[in-house]
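Let me begin by presenting the structure, written as structure tokens, before commenting on it.
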There are 2 protein chains.
Amino acid sequence: MERSNSSDNHPQSTEPLTIENHKVLVATDIALFTIKDGIFQVLLIKRGVPPFLDFWALPGGLIRMDIGERGEEPEEAALRELKEETGLAKDLGYLEQLGTYGSPNRDPREQRVISIAYFGIGPTLEDPEGGSDASHATFVPVEKAISDQLDLAFDHRLILTDAIKRARAKLEYSTIATQFCTQEFTISELRRVYEIIWDTELDPGNFQKKVLSSPGFIMDLGRNADSSQTGGRPAKLYSAGTETLLNSPIRR
Amino acid sequence: MERSNSSDNHPQSTEPLTIENHKVLVATDIALFTIKDGIFQVLLIKRGVPPFLDFWALPGGLIRMDIGERGEEPEEAALRELKEETGLAKDLGYLEQLGTYGSPNRDPREQRVISIAYFGIGPTLEDPEGGSDASHATFVPVEKAISDQLDLAFDHRLILTDAIKRARAKLEYSTIATQFCTQEFTISELRRVYEIIWDTELDPGNFQKKVLSSPGFIMDLGRNADSSQTGGRPAKLYSAGTETLLNSPIRR
DNA sequence: GTAGATTATAGTAATTTATACAATAACAAA
DNA sequence: TTTGTTATTGTATAAATTACTATAATCTAC
């Protein structure tokens, strides 16, 4: 229940607080994943301003109240900041809310800031370049990003860890793997998405049968891929199907 | 990325905004489920103040900044409001974040309010009673709660619909069903949780085997339930196990 | 006490699904 | 044309699921 009168008793405080005192800043952050050079990677920016100057961070920023009648939609703010900070031009293949991170001490500055985090997937993109207030934006292998090698700002290591878990879990019971592929792809390319993100090997024949028996997962384009680079029998080309959830999961 | 200087250009506004202008109110809401009288139910309160006076709503309220050093943890705020509004004394069996609802027009009042929604499960509780600012709190069958019979405040029908989906999905691959049971329960009681929430019938023998072959799902207490009320062979008593996720899902 | 009803639990055969691996197909390059 | 490579199909086995049967342990009615 939400109310604008805060006239009730405040046992741990003697000063009466106005409604204004309960307001907080709301930011968004995106963990945007891709597969580049055969490696599962996440988009990070290098911070150019304090706090956490020169630390790496997920792209994001404050929801602005001067856009639209009553401020931005959170998802809209996340996409705007992503484009401002990374110069990313294309639309994302996938975006969903990951969760909200709101611990009182997650931001060291005076003002309390909570963040609505998003989980996104882009197809292999041109290497983005730093925009407005990011001195650098680049894809980083996820293993490196959560390792000790890299200093991540705020609670972004926690957010990123959660996002990686989400990605690995969603591969199993949803069709999001197709979002890591180009618009036209072969079943082998789709299989390699699973192999890279799960760090495992899958049997090509069994994977083929499983994917083809999942209605709405992929659509046969009736054409073959060019095999002059890869060698071997040319593979059929497919595009992403219409279903978002799999009726029976892909197993590791 | 989060920053406290908002010195960048604002294309859709001429007035420069201070950081204070970007702050918003943050509320929490809980969809708290239980099984009562053999029916899947959710805890609702009847609002006693505008807006949405006399509408039904999920328990919740603003995160307070005058509790703790830098204000409350969101989850802490959700539990505090739940207890204030419904008089609920016991601890919950389960609570997780559902998602954040932040559309600019979700609250009709002047101040923009976003809400972090939670999904919770309580064992069959004594009927709660209205507390501080709730004129009435009661469990309502979920089908009735999302039907046209009931007027729900704000976007609480959307939140509740999402929460019900989450409950139905989580039964399949997690052990949360045990949270709908009393501390000691029989396998039949556990099966009835699935049957009630999924509105389906499950084969008792097959369910038994499935549950017993899922490591960490339930723990045998070595005692039998009293069968004088139910008739038939007395069932073994179990308590919730230590695992939270099932390796192989319970199917409908 | 016994018969019948009721519920729990165990067992079993048929079916379906998954897995491991072999066979064939379609190309490129030598 | 032969060889190498990858894609795709097939197949035998293993495992899991499903539908159903059998047995066990209690209660109630007589």
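All chains are named by letter (A, B, ...) in the order of the sequence lines, taking the proteins before the strands, and each is independently numbered beginning at 1.
- Per the geometry, NZ belonging to A/K210 stands 8 Å off C1' belonging to C/dA18, to the nearest Å.
- Screening B/T244, B/I197, B/I176 against B/K170 for a side-chain contact (heavy atoms from CB on, under 4.5 Å) leaves a single residue, B/I176.
- Nearest heavy-atom pair, A/R168 versus A/R252, reported as atom, atom and distance to 0.1 Å: O-NH2, 3.5 Å.
- Between the side chains of A/K210 and A/S248, at least one donor N or O sits under 3.5 Å from an acceptor N or O.
- No side-chain heavy atom of A/I187 sits under 4.5 Å from any side-chain heavy atom of A/K236.
- Per the geometry, CZ belonging to A/F207 stands 13 Å off C1' belonging to D/dA7, to the nearest Å.
- The distance between atom CG of A/L212 and atom P of C/dA18, rounded to the nearest whole Å, is 14 Å.
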Pair A/Y238-A/F217, side-chain contact (heavy atoms from CB on, under 4.5 Å): steps then yes or no = CA-CA 10 Å; A/Y238 297 87; A/F217 195 173; over 6 Å; no
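- With A/T175 contributing its side chain and A/E243 its backbone, the two residues share a donor-acceptor pair below 3.5 Å.
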How would nucleotides 23-30 of chain C be written as a contact map, 5' to 3', with B for base contact, S for sugar-phosphate-only contact and - for no contact, using protein heavy atoms under 4.0 Å?
-> --BBBS--
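- Side-chain contact between B/N224 and B/L237: absent, with no pair of heavy atoms (C-beta onward) separated by less than 4.5 Å.
- The stretch residues 235-252 of chain B comes close to DNA chain C through B/A235, B/K236, each having a heavy atom under 4.0 Å from the strand.
- Listed by residue number, there are no residues of residues 167-202 of chain A with a heavy-atom contact under 4.0 Å to DNA chain C.
- With rounding to the nearest 0.5 angstrom, the CH2 atom of B/W56 is 9.5 Å from the CG atom of B/L43.
- The existence of a salt bridge linking A/D91 and A/K83 is confirmed by a sub-4.0 Å separation between a basic side-chain nitrogen and an acidic carboxylate oxygen.
- A/D220 has its CG atom 15 Å from the P atom of D/dA7, to the nearest Å.
- Side-chain proximity of B/D203 to D/dT17, D/dC20, D/dG10: nearest is D/dC20.
- A donor and an acceptor atom sit less than 3.5 Å apart, one in the side chain of A/K209 and one in the base of D/dT11.
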From CA spacing to verdict: side-chain contact (heavy atoms from CB on, under 4.5 Å), A/F154, A/D29 | CA-CA 11 Å; A/F154 305 105; A/D29 289 297; over 6 Å; no
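- Checked against D/dA19, C/dC21, D/dT8, the side chain of A/Q208 finds its nearest nucleotide in D/dT8.
- Ring planes of A/F33 and A/F119: tilted class, angle from 30 to 60°.
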